[in-house]
Each structure stands twice: as C-alpha cells, then as structure tokens.
Protein chains: 2
Amino acid sequence: MKDIALYCGVSVSTVSKALNGRGDVGEATKEQILEAAKELGYTANSAARALKTNRTYSIGIVFTDLSNSGFMHEYFASMLNYFRMEAERRGYDITFISENMGPTNTGYLQHARARGLDGVAIICADFFDPMIQDLIRSDLPIISLDHAFNNRSAILSDNMRGMESLVRYVYGKGHRRIAYIHGNHTAVTENRLTGFYRACEALGITVPNEYVTECEYHEPVSCHAATKRLLALPERPTCIFFSDDYSYIGGINAIYEAGLRVPEDISIVGYDGIHMAKMVSPKLTTWQQNTVELGRIAAEQLIERIEHPRTTLPKHITVQGKLLEGETVRQLG
Amino acid sequence: MKDIALYCGVSVSTVSKALNGRGDVGEATKEQILEAAKELGYTANSAARALKTNRTYSIGIVFTDLSNSGFMHEYFASMLNYFRMEAERRGYDITFISENMGPTNTGYLQHARARGLDGVAIICADFFDPMIQDLIRSDLPIISLDHAFNNRSAILSDNMRGMESLVRYVYGKGHRRIAYIHGNHTAVTENRLTGFYRACEALGITVPNEYVTECEYHEPVSCHAATKRLLALPERPTCIFFSDDYSYIGGINAIYEAGLRVPEDISIVGYDGIHMAKMVSPKLTTWQQNTVELGRIAAEQLIERIEHPRTTLPKHITVQGKLLEGETVRQLG
DNA sequence: TTAAGGTACGAAAACGATTTCGTGCAAAGG
DNA sequence: CCTTTGCACGAAATCGTTTTCGTACCTTAA
C-alpha cells in the first residue's frame with residue numbers, strides 16, 4: 001500500500017479509501033490507484049485488516065467426528081460442502097476448529113476467539129460436550145445443524161416429518177407390521193422415533209416393542225446384527241426401517257443370508273438419500289435429506305447474523321426433504 | 001496483554017517474553033505472569049501475531065472438486081481427515097482456499113498470500129489448471145498429493161506397484177483373461193495402466209485391446225456400461241478390474257443383469273479399499289491405499305518444510321498400500 | 001575500590017492496514 | 001469582495017503483538 005501511495009503520489013489514507021470504495025476520494029485518483037494496485041500486484045494483508053477491524057471473514061467449523069469418520073459420512077460431508085460453497089460465494093473462508101489451540105486443550109471457544117473468527121457453525125459434534133456448551137453460551141454468532149439450542153440459530157432437517165412420510169408411504173403399500181432399527185440416542189433419533197410412533201398411531205398401527213431396536217448409525221455390522229434379531233422374531237415384520245442408507249449394506253446382507261429376497265419377501269427403507277442409494281440394486285427407497293439447502297441456508301443465516309447482529313434474531317429453520325422411491329418396498333395384498 | 005502487564009506491574013515486553021518462554025525474564029515474574037494470564041483468561045490475538053511474525057500457523061488446502069463430490073469421495077475425504085489430524089497435532093489449523101478471494105477471481109496463490117498462509121497442500125484439484133500452475137511456481141511451501149511436480153514435494157500412492165500386485169494376485173488365482181476398466185486420464189490412471197501392462201507382460205499375458213476400456217472414476221453408471229461392453233465380447237474376460245471400489249456398485253449390477261454370479265462365473269477386483277469394500281457381500285478384493293499415512297505424511301512433510309525451509313529439500317514420497325483379500329476373485333482350474 | 005560482565009526489565013519501533021479529524025482549496029451564495 | 005459550504009486529500013493514532021536495544025542494578029574478579 002505504501003508502494004501504491006508512492007507510485008501515485010498520494011497518501012496511504014487515500015489509497016485505503018480508494019481500495020475500499022469509500023467516498024471521500026476523487027474519481028480520477030481513485031481510478032489511478034486501482035490501476036496501480038493491479039500493476040503492482042497488490043494483495044491486502046488480512047492479518048493487518050483483521051487487527052484493525054476485528055473482522056477476519058473466516059468462519060469456524062466444528063466438525064469433530066465421534067467415530068472419526070465424519071468426512072466419510074456423506075450426509076455431513078455434503079452439508080459441509082454446500083456450506084463451504086455458499087460461504088465462499090459471500091466472501092468467507094472456512095477453517096476447522098478443534099478442541100485445542102496449539103498444544104493446549106483450551107476448547108472450541110478459545111480457539112475461535114484466538115483466531116478472531118467471525119462466527120462458528122457446528123456441523124458435526126457431540127452436542128453435550130461441555131466445550132460445545134461453552135461455545136454456545138458465548139456471544140459469538142453461531143449456528144448449529146441438526147440440534148436446536150436455546151436462543152441460538154439452528155438449521156434442522158425435518159426428521160419427524162420425514163419419518164412420518166416414510167411410514168405413510170409404506171402403509172399405503174399395504175404394510176402393517178413395520179419395524180424400525182433406529183440409531184444411537186441423539187436429538188435426531190429422538191425426532192425420528194417420535195415421527196415413527198406418531199404416524200403409526202395416526203394410522204392405527206400398533207408397534208410391538210420388539211419391532212423397535214437400536215444399532216449404531218452408519219455401521220453396517222451393527223445393523224446386520226439388529227436385522228438378524230428382527231428376522232428371528234416369531235412374527236416377522238413385513239418392512240424394516242434402517243437407521244440410515246449406509247447401514248442398509250449390512251441389513252440387506254442379513255436378509256440375504258436368511259434366504260429372503262428384497263422386496264419380494266421383505267421390504268426395507270433407509271434414511272438420508274446418499275448417492276449410493278440410487279446406485280445399488282435394488283434401488284433403495286429412502287428419505288432424501290436436502291443437504292444442499294441445509295448447508296447453504298446454514299451459511300446464509302450465519303453470515304446474515306454476522307453482518308447484521310442487531311437486526312437478525314436467532315431462529316430455527318427446518319428444511320424439508322423428499323421421498324426417494326426406489327425398489328425395496330413391495331406393494332402388499 | 002496490557003492488562004496482564006498492569007496487573008503484574010511489569011511492561012508488555014516482559015509479558016510477551018514470559019508468554020513465549022523467551023529467556024531474559026526472571027523466574028519469579030515469569031510465573032506470576034503466567035498465573036495472571038490464566039486468571040484474566042488471556043487469549044493471544046493471532047492476527048496481531050501474524051502481522052508481526054509473518055506466520056499464521058494455518059495451512060491452505062486446495063480441495064476443489066471437479067465433479068463437485070470430492071468430499072464424498074472417501075479416498076480424498078480420508079486423506080483430508082488425516083492431514084487435518086496431523087496438522088492440528090502440530091499446532092496448525094487448516095483452511096480451504098478457493099480460486100477467488102472475496103468477489104474477485106484471483107486464483108489460489110493470491111488467496112493464500114492474502115491470508116498469509118504458511119503453506120498449501122493440494123489434495124484434490126485439476127493439476128493442469130493454470131491457477132494451480134501459478135501456485136506451484138510460487139515460493140510458498142507446497143505439497144501435492146498424487147501428482148508429482150518438478151522440484152516440489154509430493155506424496156504419492158504406489159499406484160503402479162499396487163496395480164502390479166493386484167495383477168499378480170489374480171494371476172496366482174489362475175486368471176489369464178484379465179480386463180481393466182480404467183478411470184479418466186490422469187497421472188494416477190497413467191501409473192496404474194503402466195503397472196497393469198508391466199505385470200501382464202512380465203507374466204506373459206497378452207491383453208487384447210478390447211479388454212482395456214475407460215469409464216469415469218467414482219461413477220457406477222459409467223462403470224455399468226463399460227462392464228456391459230466387456231461381457232458382450234466374444235471371448236469374455238475371467239476377471240475384471242474396476243477403476244475404483246465405488247464404481248463396483250455399477251459393475252456388479254451389470255454382471256448380475258447378465259445372469260452371472262460373482263465370483264463363480266466371473267471375478268472382479270476394485271481399487272482404493274474404501275470402508276464399503278469390506279461391508280458388501282461378497283466382500284470386494286481390492287487394493288487398499290493407505291490414506292492414513294498419505295494424509296499424515298503430507299502434513300508432516302509440509303510442516304517440516306515450513307519450519308525448516310533451508311534444510312528441507314523437496315522430495316517425493318511414495319506410500320505403500322496393501323492387498324485387501326475379499327471374496328470376489330475365484331481360484332480357477 | 002573499581003571495572004567488567006551478566007541479568008532483568010522497559011521504551012519504542014515496527015508489522016500493514018483503517019479511521020478520525022483537520023486542512024486547503026474551489027465553488028457558491030450574499 | 002467576503003463568507004460559507006463542500007470536496008479531496010493527508011497526518012497521525014490505533015489495533016495487539018514481537019523484537020531490538022538501551023539501562024539500571026547486582027555480581028564477580030582484580
């Protein structure tokens with residue numbers, strides 16, 4: 001900048017103003033300065049700018065994988081991807097924040113503060129981690145995905161409605177004995193379970209306790225075992241809901257091993273709508289969560305709050321998914 | 001820091017020294033200062049530090065997805081994950097860099113410079129993009145994965161040897177008619193093709209031209225079509241190499257549609273060793289690339305170069321994978 | 001006792017930008 | 001012709017660190 005000032009015979013103040021499009025600078029000089037900036041290959045130093053303005057134009061992402069495979073979970077990976085795209089479109093970079101800053105375990109909040117991040121998005125984390133609680137209680141602009149904190153913005157997938165829709169769809173196909181292998185206990189699971197029971201109740205289906213069992217999310221082996229348990233029941237369900245699309249790999253194998261066919265002998269549905277669901281054969285019937293919008297809106301809302309802290313109130317936005325009709329649910333009767 | 005200085009009745013210089021463990025400060029005051037820092041909840045401002053020291057302790061990641069699904073490609077996602085872990089262990093954060101800085105398309109290099117990044121890792125990109133070339137030609141510490149640039153560090157997966165091993169394995173199982181559906185043309189593909197042909201030649205196998213065909217990486221539909229072509233040949237191969245594990249979903253379906261069984265009627269092998277390969281049934285025989293080490297070493301080498309620019313020379317490191325024996329290759333004869 | 005050397009600390013400049021406020025000048029108005 | 005207004009620009013402070021260099025004091029040795 002000093003060089004530009006020298007080159008154009010003006011002061012650095014003027015250069016700064018010209019570069020930032022402030023008024024208070026003559027049209028002619030302004031153009032000359034912009035010209036010179038290009039000429040000299042000027043790149044603003046964002047550290048200096050951050051120091052002065054307290055704005056870094058970078059957003060922290062909490063993406064801590066419990067099972068160390070978050071990147072490999074298409075649902076989260078996809079949200080992250082679209083979050084990134086929208087953030088970059090609006091001029092923000094994204095940075096992962098971990099629990100430690102350097103060698104010391106200081107927590108997410110310290111990490112975000114030290115980096116001077118403008119805001120934080122919690123995409124994938126253990127929401128009951130005290131470190132996360134600290135973060136939530138802070139005054140930083142924050143948005144969380146798939147978990148609604150009090151008085152903080154959140155973007156939520158419509159887990160309850162999604163589950164209800166799936167049940168209704170399967171019901172429409174004539175199924176009455178419906179089992180559900182749900183994932184580990186989280187807010188998401190809670191919502192899906194509620195949706196499941198609500199729809200069943202509304203449709204007059206009674207669900208035996210043995211029909212609702214648990215497995216680990218995204219873990220085919222665990223789902224394989226759970227499916228096996230269900231198949232061994234005296235009165236076998238006609239349709240099984242898996243915790244997620246990926247687990248279906250384990251589940252369907254358990255079915256094949258029992259000598260049954262899909263969907264002729266038993267129907268199955270997944271949840272998520274990952275790419276693979278459309279590729280496998282038979283194509284999986286599932287609920288497709290709208291990761292494109294989930295990620296995009298999360299970035300949009302967070303940045304909105306960063307840029308207009310006074311006028312933006314925390315809100316919870318729910319994004320609707322859609323039924324992905326595959327070939328794994330048979331029409332009964 | 002000013003507060004700490006006031007609190008302890010010393011100057012900011014002394015505080016800075018104490019905090020950074022410089023000598024030149026009394027043992028007693030040093031402890032008092034550290035105490036006070038904790039007390040007051042001091043967090044260093046990294047923008048100010050960066051401004052002064054020209055070090056940000058953050059690393060840029062080029063992770064640009066050609067097909068917009070890089071996050072969803074387990075190979076890249078996994079490398080990124082382990083890269084991140086190692087980088088964080090060493091006190092570096094990671095930030096994605098895009099082609100634009102803010103609204104203007106300035107290229108990766110400008111982006112990295114503006115942010116003052118200490119180094120850049122190219123994990124996933126179009127290596128022939130002129131923007132990438134600019135980056136490579138710069139004086140920034142850089143490491144690239146799966147593509148070796150002149151006079152720059154690179155971490156490479158042993159594609160040639162991996163492919164050779166696979167061919168030898170299949171040969172050992174009695175197969176002589178081996179087909180290969182390779183991916184789009186890249187350096188990686190090139191290496192695998194070389195390995196394939198070399199092994200075949202060494203083993204005295206002649207490969208008909210029709211046996212080597214192309215599909216898109218990570219695209220089951222494309223692989224489905226290619227497989228169909230191979231199955232239609234007058235002299236069908238006894239074993240098909242797919243471009244990658246994920247494409248196998250399409251390939252195996254094509255085989256099933258032709259009324260054939262795996263591995264009884266035809267054998268198949270994949271490449272990558274993604275999680276799914278061990279989960280599907282039959283388990284896929286494939287070459288497992290060591291993404292753990294690829295990511296870890298990449299971070300290690302890059303940081304080494306950042307911290308000791310004089311003594312660290314650019315080098316190319318090849319990481320060995322291993323054969324993952326599944327159930328999709330049958331013993332012939 | 002005095003000079004030399006070492007130790008603990010502080011003053012101040014610097015990093016590269018932004019921003020406030022003041023100043024000079026030209027145009028406009030009385 | 002004088003005053004007021006508005007515009008274009010610059011001087012300088014500032015953001016929070018690090019780092020150089022100077023200084024005061026205390027030891028040690030001659």
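Hydrogens, waters and symmetry mates are skipped; everything else that's a heavy atom, side chains included, is used. Each chain gets a letter, A, B and so on, in the order the sequences are listed, and its residues count up from 1.
- Mapped onto DNA chain D by nearest heavy atom, A48(A) and K17(A) fall at different nucleotides, with K17(A) at the one closer to the 5' end.
- The 5' end of DNA chain C is approached more closely, in terms of each residue's nearest nucleotide, by V15(B) than by the other of K52(B) and V15(B).
- Using a cut-off of 4.0 Å between Lys/Arg side-chain N and Asp/Glu carboxylate O, R296(A) and E293(A) are scored as salt-bridged.
- The nucleotide whose nearest atom lies closest to any side-chain atom of M1(A) is, among dA11(D), dG10(C), dT18(C), dT18(C).
- Heavy atoms of D24(A) sit under 4.0 angstrom from at least one base atom.
- Residue T29(A) places at least one side-chain N or O closer than 4.0 Å to OP1 or OP2 of dC9(D).
- Between the CZ atom of R113(A) and the P atom of dG16(D) there is a distance of 14 Å, given to the nearest Å.
- Taking the nucleotide of DNA chain C with the nearest heavy atom to each of L51(B) and V25(B), the more 5' of the two is matched to V25(B).
- If you check every strand for non-hydrogen atoms under 4.0 Å, A50(B) touches nothing.
- Contact annotation: R49(B) side-chain N/O to dG16(D) OP1/OP2 distance is not under 4.0 Å.
- Residue F127(A) places its CZ atom among more than 12 non-hydrogen atoms of other residues, nucleotides or ligands, all under 6.0 Å distant.
- One interatomic measurement links the two molecules: CD1 of I4(B) to P of dC9(C), which rounds to 15 Å at whole-angstrom precision.
- A44(A) comes within contact range of the sugar-phosphate backbone alone, with a heavy-atom separation under 4.0 Å but no base atom that close.
- Between D118(A) and R305(A), none of the side-chain N atoms (NZ, or NE/NH1/NH2) sits under 4.0 Å from a carboxylate O, so this pair counts as no salt bridge.
- Dashed line: the shortest gap from a side-chain N or O of S16(A) to OP1 or OP2 of dT18(C) is under 4.0 Å.
- The cationic group of R84(B) does not satisfy the cation-pi geometry with Y82(B), failing either the under 6.0 Å distance to the six-membered ring centre or the 45° limit from the ring axis.
- When the P atom of dG16(C) is taken as reference, atom CG of D3(A) falls 10 Å away, rounded to whole Å.
- Checking the phosphate oxygens (OP1, OP2) of dG10(D), a side-chain nitrogen or oxygen of T14(A) falls inside 4.0 Å.
- For S13(B) and dC9(C), the shortest distance from a side-chain N or O to OP1 or OP2 is not below 4.0 Å.
- For the pair R22(B) and dT18(D), the criterion of a side-chain N or O lying under 4.0 Å from OP1 or OP2 is not met.
- For the OP1/OP2 pair of dT17(D) and a distance below 4.0 Å, the side-chain nitrogens and oxygens of S46(B) include no atom meeting the criterion.
- When the P atom of dA8(D) is taken as reference, atom NZ of K30(A) falls 11 Å away, rounded to whole Å.
- The CD1 atom of I33(B) sits 15 Å away from the C1' atom of dT17(D) (whole-angstrom rounding).
- A sub-4.0 Å separation between OP1 or OP2 of dT18(D) and a side-chain N or O of N20(B) is present.
- Both G26(A) and V12(A) sit near DNA chain D, but only G26(A) has its closest nucleotide nearer the 5' end.
- Ring pair H218(B)/F76(B): centre-to-centre distance not below 6.0 Å.
- In this structure, N45(A) places its CG atom 14 Å from C1' of dT17(D), rounding to the nearest Å.
- Between Q32(B) atom CD and dC9(C) atom C1' there is a gap of 13 Å when expressed in whole angstrom units.
- Comparing dA17(C), dG10(C), dG10(D) against the side chain of V10(B) picks out dG10(C) as the nearest.
- One can place CG of N54(A) at 11 Å from P of dT19(C), the figure rounded to the nearest angstrom.
- If you check every strand for non-hydrogen atoms under 4.0 Å, G116(A) touches nothing.
- A salt bridge does not link K30(A) to D24(A): none of the charged side-chain nitrogens sits closer than 4.0 Å to a carboxylate oxygen.
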